[in-house]
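Residue numbers run from 1 in the order of the sequence given.
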Amino acid sequence: MSGHSKWHNIQGRKNAQDAKRGKVFQKISRELYMAVKAGGPDPDSNAQLRLVMDKAKAANMPKDNIKRAVDKGSGSGAENYEEVTYEGYGPGGIAVLVHALTDNKNRTAAAVRSAFTHHGGALAATGAVSYMFDRKGYIVISREDLDTDEDTMLMDVLDAGGDDLQSSDEAFEIYTDPKQLAAVRDALEASGYKLETAELTMIPENLTDVPADKVEKLQQMIDELEDNDDVSEVYEAANFPD
């Protein structure tokens, strides 16, 4: 991989995200709804639903909330969400992908455009940015209290069907083919590993250094996007200065 530590960025924003737990539950509920609509309510036969359910549990989402979202997806409710992707450039020319689940594309598009322009960025045409990212399965195993060295971890990852391993002092980050994520996750769990996260994500092929005078603006733009109820994920090809 390019040396990009997604986990480092995640941990850097964890406290802020925890403060928005209600919004997190709302976003996961929509993802559950969409997963059920696409593949049915049985997580044993719907790999995407199982992944989202794992994500919900990792976020400490109450079981009643999870069940309600699954039941809603199984019924014929009035809700009709669409998946939409927006592409653009943030301050400093940083490539940014925004994935949203919305029941009103006009509302969401206006809010996303506003977040970009208010902070010195701009939306771009479809395809302008997406080619810079690869869709990957992404698994994190914390190294805290884990008595496993990098060579052993790499062998276990390859045996499980994973594609690549990136290690840091805090965690092992594992990358897989998107279609193999569930199988790799299950194999690693069967080997006794406790996973911090297992999800589908977009990994930038290359990172752009964020100019020092643009760091605050870019972070503010990302925060505004993530704070939007309709936005499910924000991916940036940014190398933030230490």
Original post:
Can you name the nearest heavy-atom pair linking Val36 to Gly73, along with the distance?
Top reply: CG1-C, 3.5 Å
Subject >> Partner residues of Ala182 under the side-chain contact (heavy atoms from CB on, under 4.5 Å) criterion, sequence neighbours left out >> reply: Ala47, Arg185
Original post:
In Å, rounded to the nearest 0.5 Å, how long is the span from CE of Met221 to NZ of Lys214?
Top reply: 12.0 Å
**OP:** Using the side chain to side chain contact (heavy atoms under 4.5 Å, CB included) rule, pick out the option among Val52, Leu181, Thr176 that qualifies with Leu200.
**Re:** Leu181
**OP:** Evaluate the side chain to side chain contact (heavy atoms under 4.5 Å, CB included) criterion for residues Ile174 and Asp164: first the C-alpha distance (whole Å), next the side-chain angles of each, then the deciding distance (0.1 Å), finally the verdict.
**Re:** CA-CA 6 Å; Ile174 299 150; Asp164 202 358; over 6 Å; no
Original post:
Among the clusters formed by ILVMFWY side chains lying less than 4.5 Å apart, do Met155 and Met153 turn up in the same one?
Top reply: no
**OP:** State, to 0.1 Å, how close His119 and Glu224 come at their nearest heavy-atom pair, and which atoms those are.
**Re:** NE2-OE1, 2.8 Å
Original post:
Are any side-chain N or O atoms of Ser114 and backbone N or O atoms of Ala110, one a donor and one an acceptor, separated by less than 3.5 Å?
Top reply: no
Original post:
Can you find a heavy atom in the side chain of Leu123 that is under 4.5 Å from one in the side chain of Tyr86?
Top reply: yes
Original post:
Does Ser142 reach the side chain of Phe172, with side-chain heavy atoms less than 4.5 Å apart?
Top reply: no
Original post:
Are side-chain heavy atoms of Ser232 and Glu31 found at a separation under 4.5 Å?
Top reply: yes
Original post:
Between Asp223 and Gln219, do the side chains contain an N or O donor and an N or O acceptor separated by less than 3.5 Å?
Top reply: yes
**OP:** Rounded to the nearest 0.5 Å, what's the gap from CD on Gln166 to OH on Tyr138? Could you check?
**Re:** 8.0 Å
Subject >> Sequence-distant partners of Asp42, salt bridge (charged side-chain N to carboxylate O under 4.0 Å, His left out), two or more places apart >> reply: none
**OP:** Could you tell me whether the side chain of Pro241 reaches within less than 4.5 Å of the side chain of Asp209, counting heavy atoms only?
**Re:** no
Original post:
Do Lys27 side-chain atoms and Asn228 backbone N/O form a donor-acceptor pair below 3.5 Å?
Top reply: yes
Subject >> Sequence-distant partners of Met53, side-chain contact (heavy atoms from CB on, under 4.5 Å), two or more places apart >> reply: Leu32, Pro43, Leu49, Ile66
**OP:** Please report the C-alpha distance between Ile28 and Lys55 in whole Å, then the side-chain angles of each, then the deciding distance to 0.1 Å, and finally whether the side chain to side chain contact (heavy atoms under 4.5 Å, CB included) criterion is met.
**Re:** CA-CA 8 Å; Ile28 294 175; Lys55 179 178 179 179; 4.2 Å; yes
**OP:** Apply side chain to side chain contact (heavy atoms under 4.5 Å, CB included) to Ile139 and Val184, showing your working.
**Re:** CA-CA 9 Å; Ile139 297 170; Val184 175; 3.8 Å; yes
**OP:** Please lay out, stage by stage, how Thr102 and Tyr81 fare under the test side chain to side chain contact (heavy atoms under 4.5 Å, CB included).
**Re:** CA-CA 5 Å; Thr102 180; Tyr81 295 113; 5.7 Å; no
Original post:
Quick check: are there more than 12 heavy atoms from other residues, nucleotides or ligands sitting under 6.0 Å from CD of Glu189?
Top reply: yes
**OP:** Say whether Glu170 and Ser168, considering side chains only, have a donor N or O and an acceptor N or O under 3.5 Å apart.
**Re:** yes
**OP:** Any chance you could measure Asp213, atom CG, to Leu218, atom CG, to the nearest 0.5 Å?
**Re:** 11.5 Å
Original post:
Is it true that Arg135 and Asp177 have a side-chain N and a carboxylate O under 4.0 angstrom from each other?
Top reply: no
Original post:
Roughly how far, to the nearest 0.5 Å, is CG of Asp145 from NZ of Lys194?
Top reply: 9.5 Å
Subject >> Non-hydrogen atoms of Pro62 and Phe25 that approach each other most closely >> reply: CD-CE1, 3.7 Å
Subject >> Pairs flagged by salt bridge (charged side-chain N to carboxylate O under 4.0 Å, His left out) wherever residues 81-94 is involved - sequence neighbours left out >> reply: Glu82-Lys105
Original post:
Which atom names give the shortest non-hydrogen contact between Pro204 and Leu207, and what distance separates them?
Top reply: CG-CD2, 3.5 Å
Subject >> Contacts of Asp149 that satisfy side-chain hydrogen bond (donor to acceptor under 3.5 Å, both in side chains) - sequence neighbours left out >> reply: Thr152
**OP:** Please examine the side chains of Phe116 and Leu225, heavy atoms only from C-beta on, and report whether any two atoms are closer than 4.5 Å.
**Re:** yes
**OP:** Give a yes-or-no answer on whether the side chains of Tyr193 and Asp156 include a donor-acceptor pair shorter than 3.5 Å.
**Re:** yes
Original post:
Got a sec, which residues hit side-chain hydrogen bond (donor to acceptor under 3.5 Å, both in side chains) with Asp71, two or more places apart in sequence or on another chain?
Top reply: Lys67
Original post:
Mind checking whether Met34 and Leu101 have side chains closer than 4.5 Å, heavy atoms only?
Top reply: yes
**OP:** Output yes when a side-chain donor or acceptor of Asn46 lies under 3.5 Å from a complementary backbone atom of Gly40, and no otherwise.
**Re:** yes
Subject >> Sidechain-backbone polar pair: Ser130 side chain, Thr126 backbone, donor-acceptor under 3.5 Å >> reply: no
Subject >> Val210 to Ala238 - nearest heavy-atom pair and separation >> reply: CG2-CB, 3.7 Å
Original post:
Can you tell if the side chain of Phe133 reaches within under 4.5 Å of the side chain of Glu205, non-hydrogen atoms only?
Top reply: no
Original post:
Which value, rounded to the nearest 0.5 Å, describes the distance between Asp134 atom CG and Thr201 atom OG1?
Top reply: 11.0 Å
Original post:
Aromatic ring centroids of Tyr235 and His99 under 6.0 Å?
Top reply: yes
Original post:
If you take all heavy atoms of Leu195 and Ala198, which pair is closest and at what distance?
Top reply: CD1-CB, 4.5 Å
Original post:
Going from CD on Glu173 to CD1 on Ile141, what distance comes out if it is rounded to the nearest 0.5 angstrom?
Top reply: 11.0 Å
Subject >> Flag side-chain contact, heavy atom, 4.5 Å: Asp230 against Arg107 >> reply: yes
